[in-house]
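Okay, structure first, notes after.
Keep in mind that this is a model prediction, so the values were computed, not measured. All values below come from the heavy atoms of this structure, side chains included, with hydrogens, waters and symmetry mates left out. Whatever order the structure lists ligands and atoms in, that order sets their numbers, starting from 1.
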Amino acid sequence: MRDSSIIKTTALEYSYSKEFQALADINLHIQRGQIYGFLGPNGSGKTTTLRLLLGLLKVQQGNIEIFGQELHTNRSDILRKVGSLIESPSLYGHLSARENLEVYRPIYGASIARMDHVLQLVGLGQTGRKMFRQFSLGMKQRLALALALLPQPELLILDEPTNGLDPSGIIELRELIKKLNREEGMTILVSSHILSEVEKMVTHLGIIFKGSMQFQGSIQELFRLQEYSSRLLVHTSDNDAAIRALYHYHPERSGETLSITIKDFKQAAEISRTLFEQDLDIYLLQPKVHDLEQLFIDLTTTPTLTPSHE
Ligand code: ADP
């Protein structure tokens, strides 16, 4: 059976200088067919990792395998099957979408049919004579993507592709990424610092903070994790009394409501009982589960919360 591992890094580290280690012990594991969101705040090490995967930075420590082969001994074989969008490619303002691709087509040895196919795929098949400089940002980004798709890659690596796009551009790009995965069978690694921009398209997530991985797994696993560290929003007839009664849960004030971190729903029941015993009227007792944004913030501000796993 064909090995389904597409990217595997082992104990990958990288330092830009003696004083500054940008990456520590990065163990990415990406399987064939996944859309893998690589998530973390700005400056957490995403681009550094992607540059290492693309051979744009030299591996100092650790190991990278792509398509089951070691990157440093099979670089050109591997990179031939990888499309990437990591910096804006040079596209010409006075040329049309098709003319721009025609400049690069011979370099990739792509056929005219392939060129026209990728133009259709990214939704730029009908732009005719319209010049690149007249394109919207979203169209420019899609043409850059078309260029990355010319050589028919098996793996696509995109660094913050939604940066600078307006909401409709983000939706178009998200739909395009899903389509490439579904119809062209591409495995896609896409980085972002905004959870909400990727959560609707990825199947798997890796969360990085200050150069180390905080979580790696499927979206479902992340939700499951969330259920065990949920918040309960509480609002009663006397919130000060509620804080005193619930002091060992460390409630935090958040406007009108109290926010309490709970491990499971049993604790929610205990809290409800305590409030009842204190004669407090409960106006609101609302578990906040599946709040990915909050979980992302938790994961990137309390690094020891959850160890990453495969
Ligand atoms: P991200 O892509 O998550 O925003 P980066 O990988 O670009 O993060 O950066 C990770 C850390 O490495 C940051 O602190 C950044 O300032 C630093 N860094 C990035 N590139 C360089 C460089 N060429 N020289 C020195 N430090 C760098």
*Considering only NZ, NE, NH1 and NH2 on the basic side and carboxylate oxygens on the acidic side, decide whether Asp116 and Arg98 come within less than 4.0 Å.*
yes

*For ligand 1, is there an atom lying under 4.0 Å from some heavy atom of Gly40?*
no

_As an exercise, identify every atom of ligand 1 less than 4.0 angstrom from a heavy atom of Phe20._
11 (C), 12 (O), 14 (O), 17 (C)

*asked:* Strictly by ring pair (Phe, Tyr, Trp, His ring centres under 6.0 Å), give each pair with a member in residues 138-182 just once, sequence neighbours left out.
replied: none

_Using modelled atom types and a 3.5 Å cut-off, is there a donor and acceptor pairing between side-chain atoms of Gln216 and backbone atoms of Leu205?_
no

*Run the salt-bridge test on Glu197 and Arg174 with the 4.0 Å N-O cut-off and return the result as yes or no.*
no

*May I ask you to list the atoms of ligand 1 that are less than 4.0 angstrom from any heavy atom of Lys46?*
1 (P), 2 (O), 3 (O), 4 (O), 6 (O), 8 (O)

*Of all the atoms in ligand 1, which lie at a distance below 4.0 Å from a heavy atom belonging to Thr48?*
5 (P), 6 (O), 9 (O), 10 (C)

*Which atoms of ligand 1 have any heavy atom of Ser44 under 4.0 Å away?*
1 (P), 3 (O), 8 (O)

*Look at Glu184 together with Arg114 and state whether they make a salt bridge at an N to O cut-off of under 4.0 Å.*
yes

_Atoms in ligand 1 with a heavy atom of Thr47 nearer than 4.0 Å_ = 1 (P), 2 (O), 6 (O), 7 (O)

*Identity and distance of the protein heavy atom lying nearest atom 8 (O) of ligand 1*: Gly45 N, 3.1 Å

*Please state which protein non-hydrogen atom is closest to atom 10 (C) of ligand 1 and give its distance, to 0.1 Å?*
Gly43 O, 3.5 Å

_Check ion pair Glu175-Lys200 (N to O, under 4.0 angstrom)_ = no

*Counting from 1, what ligand 1 atoms have a heavy atom of Pro41 closer than 4.0 Å?*
3 (O)

*Can you list the ligand 1 atoms lying under 4.0 Å from a non-hydrogen atom of Asn42?*
4 (O)

_Which residue and atom name correspond to the protein heavy atom nearest atom 23 (N) of ligand 1, and how close is it?_
Tyr16 CE2, 3.6 Å

*Got a sec: does the NZ of Lys210 have more than 12 other heavy atoms crowding it under 6.0 Å?*
no

*Can you check whether a protein heavy atom sits less than 4.0 angstrom from atom 15 (C) of ligand 1?*
no

*Under a 4.0 Å N-O cut-off, is there an ion pair linking Glu172 with Lys179?*
no

